[in-house]
Amino acid sequence: RRDVAETQKSFNLLGAYPDIDRGIFGLTVDPQNPYRVFFFERWTATMTGSIKIGPLTLPPSNKRIETPIHVTSITWNPDGKVVYESISPPVDRFEGNTKGAGAV
């Protein structure tokens, strides 16, 4: 989890999209693993800040994005520590306004 946070911090995701809403819904516990949950996400946000991708810095576009729905899972250990998190590719690439892209 710390790796993900560090990576996101380096390209300023929350600075570029300060109004980001992950649109989480459909939370369910895995019936075969009580330490794992699944949920859907449909991100919406407006790019009002710059974003850094490697050596490239993209200026604000002021465009609103709506990603297709994707599934996220989080797995904890019995001590409550997150040990694994995964994000699926888009479930329905025809949804949203990103032409099927799940990343902003």
Side-chain angles (χ1 to χ4, degrees):
R1 182 90 180 142
R2 187 178 324 159
D3 293 344
V4 171
E6 283 300 312
T7 299
Q8 289 178 347
K9 186 169 66 173
S10 71
F11 60 77
N12 192 30
L13 181 67
L14 296 178
Y17 297 93
D19 65 342
I20 198 164
D21 178 2
R22 292 173 60 186
I24 296 171
F25 66 98
L27 183 72
T28 187
V29 176
D30 182 341
Q32 295 182 0
N33 180 351
Y35 297 106
R36 179 168 50 195
V37 297
F38 294 97
F39 52 92
F40 296 95
E41 296 188 61
R42 181 188 289 124
W43 291 27
T44 57
T46 308
M47 187 182 180
T48 58
S50 60
I51 193 165
K52 185 174 174 76
I53 303 171
L56 179 67
T57 299
L58 302 175
S61 68
N62 294 310
K63 290 184 180 176
R64 181 115 176 115
I65 59 101
E66 299 171 10
T67 67
I69 293 173
H70 63 272
V71 179
T72 300
S73 74
I74 302 175
T75 305
W76 291 265
N77 66 16
D79 296 325
K81 181 180 177 184
V82 172
V83 294
Y84 184 74
E85 185 172 353
S86 70
I87 300 173
S88 77
V91 174
D92 179 355
R93 64 186 178 94
F94 298 107
E95 188 174 72
N97 66 359
T98 61
K99 298 182 182 173
V104 293

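The figures here come from the full heavy-atom set of this structure, side chains too, leaving out hydrogens, waters and symmetry mates.
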Given side chains that start at C-beta, do those of Asp92 and Ile69 come closer than 4.5 Å, heavy atoms only? no

Phe38, CZ atom: more than 12 neighbouring heavy atoms under 6.0 Å: yes

Could you report the tightest heavy-atom contact between Trp43 and Arg22, atom names first, then the distance? CD1-O, 3.5 Å

Are Ile65 and Leu14 in one and the same hydrophobic cluster, where Ile, Leu, Val, Met, Phe, Trp and Tyr link if side-chain heavy atoms are under 4.5 Å apart? yes

Are there over 12 heavy-atom neighbours, none belonging to Arg93, within less than 6.0 Å of that residue's CZ? no

With a cut-off of 6.0 Å (strictly less than), are more than 12 heavy atoms of other residues, nucleotides or ligands near OH of Tyr84? no

Side-chain touch Pro90/Thr67, heavy atoms, less than 4.5 angstrom: no

Taking the side chain as every heavy atom from C-beta outward, state whether Lys63 and Met47 have any atom pair closer than 4.5 Å. no

Within a strict 4.5 Å, meaning less than it, do heavy atoms of the Arg64 and Asp19 side chains meet? yes

Let me check something: do Phe39 and Trp76 share a hydrophobic cluster, defined by ILVMFWY side-chain heavy atoms less than 4.5 Å apart, either directly or through other members? yes

Looking at Pro60 and Ser50, what are the two nearest heavy atoms and their distance? CG-N, 3.9 Å

Are there more than 12 heavy atoms of other residues, nucleotides or ligands under 6.0 Å from atom CZ of Phe25? yes

Would you say Ile51 and Leu56 are hydrophobically clustered, going by side-chain heavy atoms of ILVMFWY under 4.5 Å? yes

Please report the C-alpha distance between Asn97 and Glu66 in whole Å, then the side-chain angles of each, then the deciding distance to 0.1 Å, and finally whether the side chain to side chain contact (heavy atoms under 4.5 Å, CB included) criterion is met. CA-CA 5 Å; Asn97 66 359; Glu66 299 171 10; 3.9 Å; yes

Look at the side-chain heavy atoms of Ile, Leu, Val, Met, Phe, Trp and Tyr, link any pair under 4.5 Å apart, and say whether Val71 and Phe94 land in one connected group. no

Can you find a pair of side-chain heavy atoms, one from Asn62 and one from Thr48, that are under 4.5 Å apart? yes

Whether Asn77 side chain and Val83 backbone form a donor-acceptor pair below 3.5 Å: no

Is there a donor-acceptor contact under 3.5 Å linking the side chains of Ser86 and Ser73? yes

Taking all non-hydrogen atoms of both residues, which atom of Ala45 and which atom of Tyr17 are closest, and how far apart? CB-CD2, 3.5 Å

Contact summary for Pro68 and Glu95, nearest pair of heavy atoms: CG-O, 3.4 Å

